[in-house]
Structures are given as structure tokens and as C-alpha cells.
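First up is the structure itself, then whatever we jot down about it.
The structure displayed is predicted, hence computed values, not measured ones. Chain letters run A, B, ... following the sequence lines, proteins first and then strands; every chain starts at 1.
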Protein chains: 2
Amino acid sequence: MALDHAILVSLLERPGSGYELARRFERSIGYFWTATHQQIYRVLGRMVTDGLLQVREVEQQGRPDKKEYSVTGPGRAALAAWLHKPIEPESLRHDLAVKIRGAAFDDPAALIDEVERHRQVHRDRLAHYLAGELRDFTGPEAPAPQDAGQELQHVVLRGGIAYERMTIAWLDDVLATLHRLDAAGPGA
Amino acid sequence: MALDHAILVSLLERPGSGYELARRFERSIGYFWTATHQQIYRVLGRMVTDGLLQVREVEQQGRPDKKEYSVTGPGRAALAAWLHKPIEPESLRHDLAVKIRGAAFDDPAALIDEVERHRQVHRDRLAHYLAGELRDFTGPEAPAPQDAGQELQHVVLRGGIAYERMTIAWLDDVLATLHRLDAAGPGA
DNA sequence: CTTGTCTATGCAACGAGTTGCATAGAAGGA
DNA sequence: TCCTTCTATGCAACTCGTTGCATAGACAAG
């Protein structure tokens with residue numbers, strides 16, 4: 001149930017509505033977690049029922065009213081309890097790797113376009129992360145590092161950057177391999 | 001439904017029982033996909049019903065009999081269809097990153113043990129992958145590269161190795177950050 | 001001869017996550 | 001005026017994945 005905890009962290013960093021959370025999950029939190037708005041709304045409701053969050057109706061001009069969620073004492077305690085409990089190291093689930101091994105039973109060259117498309121997506125993500133790093137952490141306009149939260153957000157972002165760089169390099173390796181197999185002759 | 005396709009690829013590489021598949025998913029296939037035996041048995045049953053797989057009862061000595069699954073023509077066709085259909089690039093789901101950002105609202109130093117434990121797991125995985133690479137691909141006993149399947153398995157393994165190396169380096173970065181925050185003073 | 005371990009298969013219940021659909025206020029453009 | 005877009009929330013149905021439990025053959029150790 002890590003979505004609960006991701007929501008707690010995000011709301012501690014800044015209270016917000018379900019809609020705002022959904023947008024954060026497409027951005028900064030999305031570096032390491034994803035969720036659709038439907039899932040977020042459902043979990044928010046359950047967490048309010050469980051007393052981990054509180055809601056406040058906020059009237060807005062120029063747009064529909066919203067419900068602003070924030071973390072309660074018990075919510076904070078639940079997060080702390082989770083932080084102190086060991087978790088299992090992640091296991092990968094990489095569809096593209098399944099495809100690459102599967103290409104042995106089809107035409108490997110047919111995968112080249114797909115792999116190049118994925119590489120482009122990862123290039124875009126890397127550029128997006130680097131722009132965010134410059135804006136929020138390392139650029140001339142960035143605030144001086146003062147609190148732990150900022151340092152920790154930065155180190156997580158560096159993880160996202162490292163992941164994208166590694167992935168791009170690996171996809172280059174994959175492409176080289178596919179081209180080599182293609183040159184060696186289909187069916188060889 | 002990528003588990004279906006992972007099973008198709010694994011059974012094309014070598015037919016086997018549900019139990020054997022489960023063990024492969026803890027090993028080589030587990031480099032990029034995971035599944036429990038319960039899930040595997042359920043999916044195997046459905047795939048036989050759908051005509052993608054066929055079963056053969058195999059009597060064994062010294063151990064219980066097993067059901068050996070292999071891929072049918074329609075199964076191969078289903079895999080080919082999936083290979084030619086674009087898939088969405090992966091999104092990360094990294095619990096530990098959630099914890100790291102969450103540490104800002106608790107004691108960052110309390111995370112050090114947890115992060116070190118994860119780093120050790122990734123070191124072990126890396127060692128295991130490197131040993132496998134030496135055994136199957138780059139060592140003196142390894143068979144000479146001849147078919148595409150071998151090359152493709154190798155490039156996927158290189159991806160796993162790159163992922164573990166990147167993760168270990170990032171966790172070192174995380175540890176340095178946590179130690180720095182701890183030295184700067186808790187609550188600072 | 002009981003206990004434990006490894007091989008081997010499976011059900012039932014639950015929780016997590018996705019997909020499709022539906023509603024509605026506010027703004028801007030055709 | 002209608003259409004689209006953005007903000008904002010939510011239900012219903014379904015699939016995917018995990019957890020707990022159960023069974024059973026073969027072997028080895030105590």
C-alpha cells in the first residue's frame with residue numbers, strides 16, 4: 001500500500017486536492033510513482049475515513065470549488081511507522097526486456113523502431129528532469145539549500161536522472177545489438 | 001497482460017512446468033519480471049483454455065509427476081502480434097524513493113540502515129548477474145555466440161547489470177546525503 | 001516413524017490498479 | 001450558441017497481483 005504513503009508525503013510537502021495530486025503524480029512524484037486520478041480519489045476517501053487525512057472545502061474563482069486534503073496527526077504517525085518498517089527491495093517489471101528476448105522468435109529488426117521510440121521518451125524525460133534540477137536545485141535562481149526536505153527531494157531527482165541516463169545507454173546497446181543481428185542476416 | 005507474454009517467451013526458450021517457470025521467474029526471467037507460482041498456475045490454465053499453450057503429463061522418478069507446457073501455433077502468433085504492437089514506456093514505482101522523501105518529516109538518519117540493507121541486496125544481485133554473464137556469455141566455458149536468442153538474452157542481462165550498478169551508485173549518493181544531513185544536526 | 005525439505009499443483013479471498021463512463025463549473029473561441 | 005478545453009470529482013466493472021491455505025509424492029535426517 002505504498003500509494004497511501006506517497007500521498008502522505010506529497011500532502012505533507014504541500015496540502016492539495018485530488019486533482020492537484022494527480023497532476024503531481026504526472027510530475028515530480030511521478031519520478032518514482034504513478035497513479036491515476038480515479039485511484040487517488042478512492043484512496044483519499046478511504047484515508048479520510050481512516051482518520052489519516054482531513055478535508056477542507058475551498059471555494060475558488062474562475063474554476064470549480066475543490067476539496068483540499070491535509071495530513072492529520074494519526075496520518076503523520078502512520079507515515080512514521082512505515083518509515084521505520086523495512087520494505088522489500090524493488091523487483092523490475094520491464095515489458096520491453098520481455099519483447100527483446102521474444103524477438104528471437106520473430107524478426108529482431110522489427111523491434112528497432114520500437115526501441116528507438118522508447119529511447120526518445122527517455123531522452124525527453126531526462127531533459128525534463130535536468131530542467132527541473134536546474135530550476136529547483138542547481139540553477140542561479142534556485143533557493144539556497146536550507147532544509148532537509150530540499151536535499152532529499154534533490155537526491156531522489158538525481159536518482160531519476162541516473163535511471164534515465166542508464167536506460168538511454170542500455171537502449172543504445174540494444175539498438176547496436178539489433179543492428180548487428182540484422183546485418184548478420186535475418187534467420188542466421 | 002505482459003505476464004502472458006513473458007511466459008510465452010520463457011516456454012519458447014524451453015518448455016517446462018509451472019513449477020519450473022516459477023523458479024525461472026526467480027532467476028533469469030526475474031531480471032526483468034516477477035511472478036508468484038499461484039499467478040503462474042492460474043495464467044497457464046487460462047492460456048491452455050485459450051489454445052495458446054498445450055500440456056503434456058510427464059512422469060518422473062524420484063519426484064512427483066509434472067505437467068510440461070509448450071507453446072502452440074496460436075501462442076506463437078499471439079506473441080508475434082504483441083511484438084509488433086507498440087507498448088507504453090515503463091513508469092517507475094520505487095517505494096524506497098517515497099521513503100527518502102518522507103524522511104524529511106521524520107529522522108533522516110533513521111533511514112541509513114534501511115538504505116544500506118537495500119544496497120547490499122543490489123550488490124548481491126549484481127554479483128549474481130555477473131557470475132551468470134561469465135558462465136553463459138563471456139567466460140571461457142561459455143558457448144560461442146551463434147544464435148540471435150543468445151545475443152538477445154545477453155543484452156537483456158547487460159541491462160540488469162547496468163541497472164544494479166546505477167542503483168548501487170545512487171544509493172551511495174543517498175547515504176552520503178543522509179550522513180551529511182545527520183552531521184549538520186538533527187532538526188537543522 | 002516422525003519431522004523437515006524439495007518438488008509439484010491448486011483454491012479462495014482480498015487488495016491494488018486500470019479502463020470506461022459520467023457529471024459539472026468556468027473560460028475562450030468559432 | 002455551440003464546441004472545446006481545463007479544472008474538478010466520482011462510480012462501476014474488470015483485470016492483475018498478493019497472501020494464506022491446502023494437498024501430496026519422494027527423500028533424507030534424527
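Between B:Gln39 and D:dT18 there is a side-chain polar atom (N or O) within less than 4.0 angstrom of OP1 or OP2.
For residues 7-17 of chain A, the set of pairs meeting the salt bridge (charged side-chain N to carboxylate O under 4.0 Å, His left out) definition, not counting sequence neighbours, comprises A:Glu13-B:Arg101. Identified under the ring pair (Phe, Tyr, Trp, His ring centres under 6.0 Å) test for residues 38-70 of chain A, with sequence neighbours left out: A:His37-A:Tyr41. Residue pairs meeting the ring pair (Phe, Tyr, Trp, His ring centres under 6.0 Å) criterion with at least one partner in residues 130-169 of chain A, sequence neighbours excluded, are A:Phe137-A:His154. Counting only residues at least two apart or in different chains, ring pair (Phe, Tyr, Trp, His ring centres under 6.0 Å) contacts with residues 86-122 of chain B comprise B:His94-B:Trp170.
Qualifying side-chain contact (heavy atoms from CB on, under 4.5 Å) partners for A:Pro140, counting only residues two or more places apart in sequence or in other chains: none.
Between the P atom of C:dG17 and the CD1 atom of A:Ile7 lies a distance of 10 Å, rounded to the nearest Å. Here the P atom of nucleotide D:dG17 and the CD atom of A:Glu88 are 18 Å apart, to the nearest Å. Put simply, CH2 on A:Trp33 is 10 Å from P on C:dT18, counting in whole angstrom units. When the P atom of D:dA26 is taken as reference, atom CD of B:Glu59 falls 11 Å away, rounded to whole Å.
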Distances under 3.5 Å between protein N/O atoms and the N/O atoms of nucleotides 28-30 of chain D, please, pair by pair.
none

Using atom types as modelled, flag every donor-acceptor pair under 3.5 Å from a side chain in residues 77-86 of chain A to any protein atom, sequence neighbours excluded.
residue: A:His84; atom: NE2; partner: B:Asp106; partner atom: OD2; Å: 2.8

Which pairs of donor and acceptor atoms, one on a side chain in residues 54-62 of chain A, lie under 3.5 Å apart (sequence neighbours left out)?
residue: A:Gln54; atom: NE2; partner: A:Ser70; partner atom: OG; Å: 3.3
residue: A:Arg56; atom: NH2; partner: A:Glu68; partner atom: OE1; Å: 2.9
residue: A:Gln60; atom: NE2; partner: A:Pro64; partner atom: O; Å: 2.7

**Request:** Would you give a per-nucleotide map of nucleotides 2-13 of chain D, 5' to 3', where B means the base has a protein non-hydrogen atom under 4.0 Å away, S means only the sugar-phosphate does, and - means neither?
**Result:** -----BBBBB-B
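With salt bridges taken as basic N to acidic carboxylate O contacts below 4.0 Å, none links B:Glu20 and B:Arg23.
Mapping A:Gln61 and A:Ala35 onto DNA chain C by nearest heavy atom places A:Ala35 at the nucleotide closer to the 5' end.
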